[in-house]
Amino acid sequence: MSEKSTSNSLDLVVTAVATQLMAVNAATSVNVARKVLADLVAHFDVDASFLRHNDHNIRATKLVADWPLRPNVPDPDPLAVVYFDEADPVFALAEHLKEPAVFRPEPATEDYQRRIQENRHIPPTSMACVPLLSGDVTTGVLGFVKWGDRDWRAEELNALKAIASLFAQLQARVEAEDQLRYLAEHDDLTGLHNRRALLAHLDERLAPGMPGPVSALFFDLDRLKAINDYLGHTAGDWFIRVLAERLREGTDGRSLIARLGGDEFVVVPAAPMESDTAEALAYRLQSILRERVAIDGEMLTRTVSIGVALGFPGRDTTSDLLRRADQAVLTAKSSGGNKIAVFSDEMSLDIEFRNDIELHLQSVIENGALLLHYLPEVDMRTGEILAAEALVRWQHPTRGLLSPDAFIGVAESINLAGELGRWVMRSACAEFARWRAQGVGHDAVLRINVSPVQLVTDGFVESVADIIEEFGLDGGSVCLEITESVVVQDIETTRITLAGLRNVGVRVAIDDFGTGYSVLSHLKSLPVDTLKIDKSFVRELGFNAGDLAIVRAVIALAEAFDLQLVAEGVETETAALTLLRHGCHRAQGFLLSRPVPGGEMAALLAQGRIPLHFSATPHV
Ligand code: C2E
Ligand code: CA
Ligand code: CA
């Protein structure tokens with residue numbers, strides 16, 4: 001062959017490789033690489049060739065493709081990943097190789113020869129190694145092996161350099177594609193899959209003919225919000241990462257774990273799973289997640305509610321499955337949190353119940369089936385009754401006495417919250433005025449819950465003013481309780497409404513403090529008198545150090561802003577004493593009193609105090 005025609009044929013080889021590699025993507029790259037290697041083996045008349053990529057993070061070279069296929073490759077393949085530190089000089093060279101290197105049989109490459117001989121069962125060889133380069137970084141190597149001796153001409157090595165550069169470009173492109181796909185399917189904070197990836201996965205798993213049932217575990221961290229609000233977002237993020245890591249460790253590597261944003265996670269086990277097994281898995285993961293996490297020297301535990309649901313391929317859709325899991329987790333949360341609930345048909349009955357309530361609620365307000373109970377608020381140092389909170393109940397003809405959680409949400413969803421709220425306000429003020437007329441409760445405050453919907457209704461302030469006036473109460477003895485979330489959702493409207501209420505003279509408390517979207521940043525500028533720290537932080541006080549950290553932060557906050565602080569949900573003596581020790585003495589809760597009917601509340605007010613069954617002197 002003339003020199004001219006050789007270089008022509010080398011050009012053709014390079015062009016052919018370029019064409020083959022052009023259309024490659026991540027999924028096809030290995031097969032196409034193998035095919036290209038096979039062509040090069042034939043063209044250069046060598047016996048074997050390989051493509052390896054460098055992983056500089058772990059300082060190793062990884063086999064991508066080789067040709068010919070080796071028979072009886074051991075598992076694990078000793079050639080798959082070779083660490084540079086442990087590698088013989090020829091492999092080690094691939095870490096930073098910048099120019100082609102040619103090896104011919106000689107003593108210096110003995111180790112390498114032996115390794116190849118052991119693994120390939122072939123005699124001493126000669127070899128050309130050509131680096132894949134990306135800028136100054138050696139990203140991999142192409143190798144061409146000839147049994148026995150072979151010389152490499154400069155033009156040949158130049159052609160191999162051109163081919164290596166094509167492979168390097170492909171490698172960069174595939175990596176970029178991988179990276180983009182990764183970003184599109186994963187959550188930044190935790191590296192878990194995201195919602196999009198979850199939906200795609202479930203669509204696939206629920207396709208007709210796939211094995212089922214497919215189970216989904218929906219996780220909702222109870223009160224994670226509070227960590228963000230009181231210990232800062234860095235702490236919150238760290239906490240979420242720790243939990244993500246625990247979920248990873250607690251599941252087999254094949255389960256899909258997704259974070260849907262915020263504090264919601266979904267686990268989809270890879271294997272078909274009946275509900276017993278899925279529930280058992282949920283219990284196991286719950287106990288792993290409940291273990292303490294150290295943040296800034298505080299040991300935090302956060303409880304988690306889990307909803308479990310099954311989907312049947314070919315019958316249920318992804319949204320069916322997620323809706324059931326979501327319904328189950330809501331059930332778990334509404335029964336106090338830190339629970340596991342498996343979706344059942346009864347949960348569909350809940351929906352019936354809702355419909356029934358929806359149907360009757362309108363007439364209930366008119367027909368006098370609503371009544372009020374009152375929850376005393378007490379100074380835990382003395383037992384003195386400081387306030388009475390009106391809590392609405394519904395005497396349902398067949399379902400018994402319903403608690404507000406069962407029907408307030410429904411009322412809001414069918415625009416009855418305003419009417420219900422007005423009924424509560426009038427009835428509570430009327431009853432309170434009667435007690436005062438009987439000479440009791442002159443130093444006590446009447447607390448009334450206001451639904452978020454009411455607060456943003458036109459004419460709300462006027463209706464409050466009218467009712468206060470109608471019953472001759474002074475505004476200072478009535479306090480409206482609003483929840484944190486509503487305040488922030490529409491901060492401007494809220495600001496105007498609260499200013500209006502301030503003019504009327506009524507007081508305002510923020511209820512369930514710590515559970516909603518934080519009003520912290522607005523506290524200073526809002527006309528608010530009282531914070532009621534949510535019962536979920538109080539209930540386990542004395543046992544849960546994380547709760548104590550949050551309670552202490554809220555106590556400090558109330559002091560800083562000169563606000564009254566009331567602890568809700570005091571159920572144990574330990575909680576009461578812990579609160580007292582940290583300077584919070586206003587409280588309500590089952591330890592002090594259950595909600596009582598109006599007559600009993602009047603009697604308590606007449607006594608002026610509730611006998612305390614624990615020692616109010618803090619331990620020294
Ligand atoms: P809330 O405002 O946080 O009221 C306190 C609730 O906690 C009451 O439940 C009370 O019975 C309960 N509770 C008091 N002490 C303890 C305790 O030591 N442990 C536990 N586990 N619970 C305790 P209830 O009466 O079922 O009311 C639930 C919620 O319904 C109230 O929470 C309030 O948000 C809402 N609500 C009640 N009455 C009205 C109303 O007239 N209007 C509106 N919009 N909402 C109301
Ligand atoms: Ca309340
Ligand atoms: Ca509350």
Side-chain angles (χ1 to χ4, degrees), residues 222-223 333-339 361 364-365 370-378 380 387-394 400-413 415-432 445-457 460 464 467 478-487 507-516 530-541 554 564-576 579 586-598 601 610:
D222 299 330
R223 305 173 290 135
K333 283 184 76 138
S334 66
S335 53
N338 196 25
K339 297 260 163 52
L361 197 55
V364 155
I365 299 175
L370 292 179
L371 57 133
L372 293 175
H373 281 182
Y374 294 87
L375 185 63
E377 176 185 314
V378 172
M380 291 190 292
E389 177 176 4
L391 297 166
V392 68
R393 269 99 185 93
W394 172 5
L401 193 64
L402 293 182
S403 82
D405 289 331
F407 59 90
I408 296 240
V410 182
E412 287 176 349
S413 69
N415 287 327
L416 278 179
E419 216 167 312
L420 182 89
R422 268 190 301 281
W423 181 88
V424 170
M425 183 96 56
R426 291 200 81 241
S427 312
C429 288
E431 193 156 27
F432 194 58
V445 170
L446 171 67
R447 297 197 186 275
I448 300 173
N449 292 287
V450 171
S451 116
V453 186
Q454 255 177 296
L455 195 73
V456 295
T457 311
F460 175 66
V464 172
I467 293 172
V478 175
C479 177
L480 304 187
E481 300 196 352
I482 60 180
T483 55
E484 217 181 349
S485 53
V486 63
V487 177
R507 296 165 186 263
V508 173
I510 299 206
D511 206 353
D512 304 342
F513 192 73
T515 58
T530 303
L531 301 183
K532 296 186 77 171
I533 183 161
D534 190 64
K535 48 181 169 286
S536 60
F537 303 108
V538 175
R539 223 163 20 209
E540 291 179 29
L541 268 187
V554 176
Q564 275 183 357
L565 184 64
V566 182
E568 306 184 305
V570 175
E571 290 181 358
T572 65
E573 213 174 293
T574 317
L579 286 164
R586 285 177 167 258
Q588 48 186 201
F590 295 166
L591 178 72
L592 306 159
S593 168
R594 297 254 162 191
V596 295
M601 187 69 230
I610 281 176

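When a ligand or atom number is given, it counts from 1 through the structure's own listing order.
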Engineer: Could you check atom 12 (C) of ligand 1 against the protein and tell me its nearest heavy-atom contact, residue, atom and distance included?
Structural biologist: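 Sorting protein heavy atoms by distance from atom 12 (C) of ligand 1 puts K535 NZ, 4.1 Å first.
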Engineer: Near R539, which atoms of ligand 1 are under 4.0 Å from a heavy atom of that residue?
Structural biologist: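 Those of ligand 1 that fall under 4.0 Å from R539 are 21 (N).
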Engineer: What atoms of ligand 1 come closer than 4.0 angstrom to any heavy atom of L375?
Structural biologist: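 Heavy-atom distances to L375 below 4.0 Å select 14 (C).
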Engineer: Donor-acceptor pair, Q454 side chain versus S451 backbone, under 3.5 Å?
Structural biologist: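 A pair under 3.5 Å: yes.
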Engineer: May I ask you to test the P597-L371 pair for a side-chain heavy-atom distance under 4.5 Å?
Structural biologist: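 P597 does not reach L371 side chain to side chain.
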Engineer: Using 0.5 Å steps for rounding, measure from the CD atom of E568 to the CG atom of D511.
Structural biologist: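 Rounded to the nearest 0.5 Å, the CD-CG separation comes out at 5.0 Å.
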Engineer: Could you tell me which atoms of ligand 1, counted from 1 in the order shown, lie closer than 4.0 angstrom to a heavy atom of V570?
Structural biologist: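 Atoms satisfying the 4.0 Å criterion: 18 (O).
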Engineer: As an exercise, identify every atom of ligand 1 less than 4.0 angstrom from a heavy atom of S451.
Structural biologist: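 So the answer, numbered in order with elements, is 44 (N).
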Engineer: Please round to the nearest 0.5 Å and tell me the distance separating atom NZ of K532 and atom CD1 of I482.
Structural biologist: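 Answer rounded to 0.5 Å: 12.5 Å.
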Engineer: For D512, take its heavy atoms, then give the atoms of ligand 1 lying under 4.0 Å from any of them.
Structural biologist: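 Within the 4.0 Å cut-off of D512, ligand 1 contributes 3 (O).
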Engineer: Quick test: of every protein heavy atom, which one is nearest to atom 42 (N) of ligand 1, and how far off is it to 0.1 Å?
Structural biologist: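 The closest heavy atom on the protein side is N449 O, 3.5 Å.
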Engineer: I'd like to check which ligand 1 atoms, numbered from 1 as shown, lie under 4.0 Å from a non-hydrogen atom of G569.
Structural biologist: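 So the answer, numbered in order with elements, is 16 (C), 17 (C), 18 (O).
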Engineer: Is the shortest distance from atom 4 (O) of ligand 1 to a protein heavy atom below 4.0 Å?
Structural biologist: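 Yes, there is a protein heavy atom closer to it than 4.0 Å.
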Engineer: Show your working on side-chain contact (heavy atoms from CB on, under 4.5 Å) between T530 and R586 and close with a plain yes or no.
Structural biologist: CA-CA 11 Å; T530 303; R586 285 177 167 258; over 6 Å; no
Engineer: How far is atom 29 (C) of ligand 1 from the closest protein heavy atom, and which atom is that?
Structural biologist: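 Heavy-atom neighbour on the protein nearest atom 29 (C) of ligand 1: D405 OD1, 3.6 Å.
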Engineer: Identify the two heavy atoms, one from L579 and one from A567, that lie closest to each other, and give their separation to 0.1 Å.
Structural biologist: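 For L579 versus A567, the nearest heavy atoms are CD1-CB, 3.5 Å.
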Engineer: Measure the shortest side-chain to side-chain distance between M425 and V478 over non-hydrogen atoms and say whether it is less than 4.5 angstrom.
Structural biologist: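 Not in contact.
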Engineer: Ligand 1 versus E389, non-hydrogen atoms closer than 4.0 Å: side chain, backbone, both, neither?
Structural biologist: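 Within the 4.0 Å criterion, E389 contacts ligand 1 through side-chain atoms alone.
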Engineer: Report yes if some heavy atom in the side chain of E389 is under 4.5 Å from a heavy atom in the side chain of N449; otherwise report no.
Structural biologist: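 Yes, at least one pair of side-chain atoms sits under 4.5 Å.
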Engineer: Which residue owns the protein heavy atom closest to atom 22 (N) of ligand 1, what's the atom, and how far is it?
Structural biologist: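 Of every protein heavy atom, F590 CZ, 3.4 Å lies nearest to atom 22 (N) of ligand 1.
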Engineer: Which heavy atom of A428 sits nearest to which heavy atom of Y374, and what is that distance?
Structural biologist: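 So the two residues come closest at CA-OH, 3.8 Å.
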Engineer: Output the distance between atom OG1 (T457) and atom CZ (R422), rounded to the nearest 0.5 Å.
Structural biologist: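 That separation rounds to 8.0 Å.
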Engineer: Using a 4.0 Å heavy-atom cut-off, which part of E568 comes near ligand 1: side chain, backbone, both, or neither?
Structural biologist: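 It is the side chain that touches ligand 1; the backbone stays farther off.
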Engineer: Apply the test side-chain contact (heavy atoms from CB on, under 4.5 Å) to residues F537 and V554: give CA-CA distance (whole Å), side-chain angles for both, the deciding distance (0.1 Å), then the verdict.
Structural biologist: CA-CA 11 Å; F537 303 108; V554 176; over 6 Å; no
Engineer: Under 3.0 Å from the Ca ion (ligand 2), which protein atoms of type N, O or S occur, listed by chain and number?
Structural biologist: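 Short answer, with waters excluded from the count: E389 OE2, N449 OD1, E481 OE1, D511 OD2.
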Engineer: Quick one: nearest non-hydrogen protein atom to atom 8 (C) of ligand 1, plus distance?
Structural biologist: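 For this ligand atom, the closest protein heavy atom is L391 CD1, 3.7 Å.
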Engineer: Which is it for R393 and ligand 1 at heavy atoms under 4.0 Å: side chain, backbone, both or neither?
Structural biologist: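 Side chain only; the backbone of R393 stays clear of ligand 1.
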Engineer: Indicate yes or no: at least one non-hydrogen side-chain atom of F513 is less than 4.5 angstrom from one of D534.
Structural biologist: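 No; the side chains remain at least 4.5 Å from each other.
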Engineer: Among protein heavy atoms, which sits nearest to atom 37 (C) of ligand 1, and what does the distance come to when rounded to 0.1 Å?
Structural biologist: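 Of every protein heavy atom, P404 CG, 3.5 Å lies nearest to atom 37 (C) of ligand 1.
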Engineer: Write out the residue and atom name of the closest protein heavy atom to atom 19 (N) of ligand 1, then the distance separating them to 0.1 Å.
Structural biologist: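 Ranking protein heavy atoms by distance from atom 19 (N) of ligand 1, first comes E571 OE2, 2.5 Å.
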Engineer: Show your reasoning for whether side-chain contact (heavy atoms from CB on, under 4.5 Å) applies to I448 and C429.
Structural biologist: CA-CA 9 Å; I448 300 173; C429 288; 4.1 Å; yes
Engineer: Quick test: of every protein heavy atom, which one is nearest to atom 11 (O) of ligand 1, and how far off is it to 0.1 Å?
Structural biologist: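 Answer for atom 11 (O) of ligand 1: P595 CG, 3.3 Å.
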Engineer: Below 4.0 Å, non-hydrogen atoms only: which portion of I448 touches ligand 1? Side chain, backbone, both or neither.
Structural biologist: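 It is neither; nothing of I448 touches ligand 1.
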Engineer: Tell me, with the steps shown, if H373 and L401 meet side-chain contact (heavy atoms from CB on, under 4.5 Å).
Structural biologist: CA-CA 11 Å; H373 281 182; L401 193 64; 4.0 Å; yes
Engineer: Can you list the ligand 1 atoms lying under 4.0 Å from a non-hydrogen atom of V424?
Structural biologist: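 Answer for ligand 1: 41 (O).
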